[in-house]
Amino acid sequence: MSTSAAQGWGLRPATSEDVEAMAELRAVAMRPDLERLGRYDEHRVRQRLRDSYAPEHTSVVQADGVLAGCVALRPFEDGWWLEHFYLAPQLQGRGIGTAVLAGLLARTDAEGVPVRLDVLQGSAARGLYERHGFTVEREDPVDVFMVRRPGTGASVRRRWHPRAGGSGQGAQPGYPSAP
């Protein structure tokens, strides 16, 4: 959190108690894009997060001590799958999402493995991912599936702090503990 745009936030490991707040955040953050695509469903938008929620692979973004976003990074094939990356709309554009993503990608780059994700067609988030080196693997009418190979994209100028004021001990948020 070395830049003023990204101060006042941190990451903490998710818990099972976070799922409903994250489901609500997902509904708010995705509503404009889903409505544009004619796919918004009040129940389904929340249930999809509930059905795939894995707190052991999820981090909570906190701003001023409250839940402001979330991100999950789970093992997938030869690398990682980035999903459930949502930030409260009023906090978007302040560098927090960029800092969170840069920190996660620094870790995956160190491991030498790719990261995959999907983003809705026409979503502004696609630009963020492209700035960090993600490229399109395939598309359908609703989703764009992207991949980022290790070491590609924007250089990481920020040092990632796993928790605001945290010690960095234990498993890193968004990553499973070592066996």
Side-chain angles (χ1 to χ4, degrees), residues 1-14 22 26 29-30 33 49 52-63 68-87 91-140 142-179:
M1 294 158 301
S2 59
T3 67
S4 60
Q7 288 188 3
W9 71 273
L11 293 176
R12 69 164 172 81
M22 288 181 188
R26 180 180 197 269
M30 292 190 69
D33 284 331
L49 183 131
S52 63
Y53 183 63
E56 67 273 18
H57 299 298
T58 305
S59 296
V60 172
V61 179
Q62 290 186 291
C70 57
V71 62
L73 194 63
R74 65 175 168 84
F76 181 77
E77 295 178 356
D78 60 342
W80 296 96
W81 187 269
L82 179 71
E83 62 187 354
H84 303 309
F85 191 8
Y86 311 115
L87 193 60
L91 297 175
Q92 294 174 9
R94 297 185 183 185
I96 297 171
T98 294
V100 170
L101 184 59
L104 293 175
L105 295 175
R107 290 286 308 273
T108 61
D109 282 353
E111 294 172 12
V113 298
V115 178
R116 289 181 168 79
L117 59 82
D118 68 283
V119 62
L120 291 172
Q121 288 282 2
S123 172
R126 180 175 174 174
L128 171 67
Y129 299 133
E130 288 173 339
R131 286 191 301 278
H132 286 271
F134 284 86
T135 58
V136 174
E137 278 193 307
R138 65 184 172 87
E139 300 182 52
D140 64 32
V142 175
D143 294 301
V144 179
F145 296 86
M146 304 180 83
V147 63
R148 181 184 183 277
R149 305 284 174 211
T152 60
S155 62
V156 178
R157 292 186 178 93
R158 297 179 185 103
R159 183 170 174 179
W160 181 51
H161 296 273
R163 298 176 187 91
S167 66
Q169 296 174 351
Q172 297 295 323
Y175 289 84
S177 299

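For the numbers below, each heavy atom of this structure counts, side chains included, while hydrogens, waters and symmetry mates do not.
Looking at F85 and L104, their side chains never come closer than 4.5 Å, going by heavy atoms from C-beta outward. With a 4.5 Å cut-off on side-chain heavy atoms, V115 and L73 count as touching. Side-chain contact between V61 and L11 is present, with heavy atoms from C-beta onward closer than 4.5 Å. The side-chain heavy atoms of W80 and E111, taken from C-beta on, include a pair separated by under 4.5 Å.
Note that the CZ atom of R148 and the CG atom of D109 stand 4.0 Å from one another [nearest 0.5 Å]. In this structure, R126 CZ and L120 CG are separated by 11.5 Å, a value rounded to the nearest 0.5 Å.
Listed by first then second residue, pairs satisfying ring pair (Phe, Tyr, Trp, His ring centres under 6.0 Å) with a partner in residues 103-131 read Y129-F134, not counting sequence neighbours. Annotation: ring pair (Phe, Tyr, Trp, His ring centres under 6.0 Å) contacts involving residues 91-128, sequence neighbours excluded, are absent.
S52 is linked by a side chain to side chain donor-acceptor pair (under 3.5 Å) to H84, counting only residues two or more places apart in sequence or in another chain. Legend: residues meeting side chain to side chain contact (heavy atoms under 4.5 Å, CB included) with A54, ordered by chain and number and at least two apart, are E56, H57. Remark: R116 pairs with D78, E137 by the side chain to side chain donor-acceptor pair (under 3.5 Å) rule, at least two apart or across chains. Every residue meeting the ring pair (Phe, Tyr, Trp, His ring centres under 6.0 Å) condition with F76, not counting sequence neighbours, appears here in chain and number order: W81.
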